[in-house]
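Data block below; observations after.
Atom set for the values below is all heavy atoms of this structure, side chains included, hydrogens, waters and symmetry mates excluded. These numbers were taken from a predicted model, which means no experiment stands behind them.
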Amino acid sequence: MALKSTIFKAELSIADMDRGYYADHSLTLARHPSETDERMMMRLLAFALHADSRLEFGKGLCVDDEPDLWRKDLTGAIECWIDVGLPDEKWLKKACNRAEQVILFTYGGRAVEVWWAQIAGKLARMDNLGVYDVPYDASQALAALAARGMRLQCTIQDGHCFLTDGSQSIQIEPRPLKDISIH
């Protein structure tokens with residue numbers, strides 16, 4: 001018998017002063033049985049940092065040709081492809097060929113350093129790719145916020161993200177490994 005995804009609901013209020021974006025989102029996140037709370041919350045963070053009325057979650061780990069999140073234009077062309085984790089070069093190249101802009105959020109502490117040392121040179125020519133590392137302590141604190149029903153407030157100012165559930169607050173500052181202008 002196949003295990004089913006676990007459904008998480010998040011009420012997310014975003015005040016992004018850097019982009020002038022202020023909105024409330026009611027989100028449903030399906031956590032695949034093989035997905036950790038940390039990875040699921042990284043997807044939620046990626047949504048918060050790039051929130052837009054057209055930003056959608058992809059189908060998840062079980063679908064090979066979709067990102068964790070994406071924003072398409074009215075014709076269906078992919079404007080922004082957002083993933084979390086440590087994918088291989090072929091996956092990132094495919095994403096860069098399909099989308100105007102690709103954003104990758106890495107997490108995992110030392111594993112990111114090892115992965116980046118092996119792949120950085122191969123990614124240098126991908127001009128539409130941005131890679132941002134979320135510090136280990138921050139991704140662990142995010143995982144601790146995971147609950148089946150979440151009410152979160154996210155404030156973004158000067159590249160800093162402050163996320164709170166009312167009782168715990170986390171400051172997150174993704175570190176650019178390969179920067180591009182985000183729009």
Exercise for review: Could you walk me through whether H50 and F105 pass side-chain contact (heavy atoms from CB on, under 4.5 Å), step by step?
Suggested key: CA-CA 12 Å; H50 295 278; F105 289 98; 3.4 Å; yes
Check your understanding: Rounded to the nearest 0.5 Å, what separation is found between the CG atom of L163 and the CD1 atom of I14?
Key -> 9.5 Å
Considering only distance and modelled atom types, tabulate donor-acceptor pairs under 3.5 Å from the side chains of residues 122-130, sequence neighbours left out.
residue: N128; atom: ND2; partner: C96; partner atom: O; Å: 3.0
residue: N128; atom: ND2; partner: A99; partner atom: O; Å: 2.9
residue: N128; atom: ND2; partner: E100; partner atom: O; Å: 3.4

Review point. So if you build clusters from Ile, Leu, Val, Met, Phe, Trp, Tyr with side-chain heavy-atom gaps below 4.5 Å, do I78 and L92 land together?
Key: yes
**Study point:** CZ on R175 to OH on Y132, rounded to 0.5 Å
**Key:** 12.5 Å
Point to revise | Pair K72 + E56: basic N to acidic O under 4.0 Å | key: no
Exercise for review: For residues A46 and V84, report the shortest heavy-atom separation together with the two atoms involved.
Suggested key: CB-CG1, 4.4 Å
Check your understanding: With sequence neighbours excluded, what pairs up with A120 under the side chain to side chain contact (heavy atoms under 4.5 Å, CB included) test?
Key -> W116
Exercise for review: Show your reasoning for whether side-chain contact (heavy atoms from CB on, under 4.5 Å) applies to V114 and Q118.
Suggested key: CA-CA 7 Å; V114 172; Q118 295 171 350; 3.9 Å; yes
**Study point:** Distance, nearest 0.5 Å, that separates CG of L145 from CG of L45
**Key:** 10.5 Å
Check your understanding: Taking all atoms of both residues into account, what is the closest heavy-atom pair of G159 and E173, and its distance?
Key -> O-CG, 4.0 Å
Going by atom type alone, with no hydrogens or angles, which donor-acceptor pairs under 3.5 Å involve a side-chain atom of residues 148-158 and a protein atom two or more places apart or on another chain?
residue: R148; atom: NE; partner: I7; partner atom: O; Å: 2.8

Point to revise | Q140: partners by side chain to side chain contact (heavy atoms under 4.5 Å, CB included), with sequence neighbours left out | key: E38, Y136
Check your understanding: For W91, is the NZ or CZ atom of K93 found under 6.0 angstrom from the centre of its six-membered ring and inside 45 degrees of the ring axis?
Key -> no
**Study point:** Residue pairs, two or more places apart or on separate chains, that pass side-chain hydrogen bond (donor to acceptor under 3.5 Å, both in side chains) and touch residues 20-29
**Key:** K9-T28, E11-S26, S13-D24, Y21-H25
Exercise for review: Taking all non-hydrogen atoms of both residues into account, name the closest pair between I172 and A138 and its distance.
Suggested key: CG1-CB, 4.0 Å
Practice item. Quick one: pull up CD1 in I103 and CG in L49 and give me the separation to the nearest 0.5 Å. Key: 10.0 Å
Review point. How far apart are the C-alpha atoms of L27 and F57, what are their side-chain angles, what is the distance that settles it, and do they pass the side-chain contact (heavy atoms from CB on, under 4.5 Å) test?
Key: CA-CA 9 Å; L27 304 172; F57 287 98; 4.1 Å; yes
Review point. Going through the distances and angles, do R71 and I82 end up as a side-chain contact (heavy atoms from CB on, under 4.5 Å)?
Key: CA-CA 9 Å; R71 185 182 71 233; I82 302 171; over 6 Å; no
Practice item. Using modelled atom types only, decide if a donor and an acceptor are shared between the side chain of R19 and the backbone of A51 within a distance under 3.5 Å. Key: yes
**Study point:** NZ/NE/NH1/NH2 to OD/OE distance under 4.0 Å, D68 and R39
**Key:** yes
Check your understanding: Would you call R31 and E35 a salt bridge, using N to O less than 4.0 angstrom?
Key -> no
Point to revise | Same apolar cluster (I L V M F W Y, side chains within < 4.5 Å links), I170/F162 | key: no
Study note, to complete from the structure: What one should report as the nearest heavy-atom pair of T106 and G85 is CG2-O, 3.4 Å
**Study point:** Partners passing side chain to side chain contact (heavy atoms under 4.5 Å, CB included) against A95 (at least two apart in sequence or in another chain)
**Key:** W81, V102
Practice item. To the nearest 0.5 angstrom, please state how far the CG atom of L55 sits from the CD atom of E79. Key: 10.5 Å
Review point. Roughly how far apart are R43 CZ and F8 CZ, rounded to 0.5 Å?
Key: 10.0 Å
Practice item. Answer yes or no: is there a donor N or O on one side and an acceptor on the other, between the side chain of D16 and the main chain of G20, under 3.5 Å? Key: no
